[in-house]
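Shown next, in structure tokens, is the structure this report addresses.
Given the structure is predicted, the values throughout are model-derived calculations rather than measurements. Naming: A, B, ... by sequence-line order, numbering from 1 per chain.
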Amino acid sequence: MRRIALPPRPDFEKRAADIGFEFAFLDGEPYWNESAAYVFSLAEIENDLEAPTQELAALAREVAGRVVTDERALRRLGVPEHAWPLILESWRREDVSLYGRFDFSYDGNGPAKLLEYNADTPTSLFESAVVQWFWLQDLVARRQMPAHADQFNSLHEKLIARWPAVARGAYVHLACMTGSIEDRGTVAYLADCATQAGLDTRIVDMQDIGHVDGRFVDRDLVALDCAFKLYPWEWMFADEFGKSPALRATRWAEPPWKALLSNKGLLALMWETAPGHPNLLPAYFETDPRIGELGDRFARKPLLSREGANVSLFDGASILARTTGDYGAEGYVRQGLHLLPDFDGWRPVMGSWLVGAEAAGLGVREDRSLVTSNRSRFTPHVILD
Amino acid sequence: MAHPQRKTFGQRPQLSAAPAPMAAPGRKSTLVLSLATLGALGLAGAVYATLPASAPAPAQSCPRDQNGAENCARTGRSSFFFFWRGGATPAPAPQAAQALRPTPPGLRPAMAPAAPVKFGGFGASATGHGAAAGA
């Protein structure tokens, strides 16, 4: 694995517009970065990222199956009691998951280490599935990459193939906070995949979901039979509609049981289930007396947070990094400290995608900071060796 | 790269996806532009096109597994019949996007509730955390 410098495509803006990529810049800062790329060997991808992704997906599912009826574990995760029946029902009904993303620390030497599992509302999907693929196609066509250059990326095909199992023929509503251009772009892309799978779709704002007669409906009073929501379950549970019986009348993607896996308490539960797993870091709930085993080098993460908020990295008496935010009310986990690697001053995190239970691709984001945030730059990757 | 201790956790997962059909040079592929996304993005029209025979085929030969069989599941782009165009015009407000694509008659009838519909019961948490909900 290495990071190489590359000249950006001179016609990048046109190429981005051609594929509908509207958020190459976020808040005036470059988000998409093609002045560099991460290069992998096939063995690194297959052995160190793809295989662990499959394996940890199975492990996470095993944990979910155990936790879903474990009252103590549900309390440790901070899942509100009113949500337990919905989660259990969705698990027993085997509601289908569409996608998810593991974030790993990996530098090409030694096993990738799981930092977190974005199991509920992962973004950077369009960039991973489409933008970086067209980037590679362009570079190969322009002979800036060899013809055999490849990419760990079968996201698009797998998403299309997965949608019918999620929707089961139903009309699909896709809901998000449409004021966020990144969220809207992600949902528009998923709607496109669903359409290509033969489904009928409609994009709605979360605030345009209505409630009447025990059902959720859109502004045209069309009932939400199957709804994808780019909106975390913990927020849904906390919102005014979060206790409504109508939640049971819609088939959701991601399903309610994924709420158990998008919680950073999962890191502690996975470690408890498979202690010593080479792709896991030791992790404990902060209330667990065993946190002493971590010594004084650990990351402190809220059970529920997004985009690297409220994370602190401790190394002895030093605080290596601390991010702000308004998360943490539900509690924290502590995870053994494993810093992101340093490539020319950039700290990449490997976003390894799942579609259903299958490893499906890679998206790399990098930052100068030790904590990856929603402003970290997406940098494409290529398999050359 | 060997990680002997991984044997504790089972064998390497098999790639379960069937190999995708390889793109033969000069093959004609149907490209379908999805109407729903275009509508949602406020883009005009739809395109149904045919990839020229001279279009470049995906630039890979599939890796081979331990048994020497080709496995295209990971690289997989040979089935990339994908054409997504946008960005020419700004995305419309959600209501406008809906108006672009009314519910197909008979596909999913609207409800006719007796009681008034309540909206806005989702979204408050996002407002409290800065609006974007992705991670």
- Relative to chain B, which of A/R101, A/Q207, A/E116, A/M145 shows the most heavy atom pairs under 4.5 Å? A/Q207
- Side chain proximity check, B/S125 to A/F237, heavy atoms < 4.5 angstrom: no
- Is atom CZ of A/R143 surrounded by more than 12 heavy atoms (other residues, nucleotides or ligands) closer than 6.0 Å? no
- Non-neighbouring partners of A/E13 that pass salt bridge (charged side-chain N to carboxylate O under 4.0 Å, His left out), sequence neighbours left out: none
- Between A/S124, A/G308, A/A175, A/G210, the one whose heavy-atom pairs under 4.5 Å with chain B are most numerous: A/G210
- Message: Quick check: do A/W235 and B/F122 have side-chain heavy atoms less than 4.5 Å from each other?
- Response: no
- Query: If only atom types and distance count, is the side chain of A/D239 paired as donor or acceptor with the main-chain N or O of B/G123 below 3.5 Å?
  - Reply: yes
- Do A/R219 and B/F119 touch side chain to side chain, with heavy atoms closer than 4.5 Å? yes
- Query: Taking only residues two or more places apart in sequence, or in another chain, which ones meet A/A24 in a side-chain contact (heavy atoms from CB on, under 4.5 Å)?
  - Reply: A/F12, A/F21, A/W32
- Note, B/P113 side chain near A/L221 side chain (heavy atom, < 4.5 Å): yes
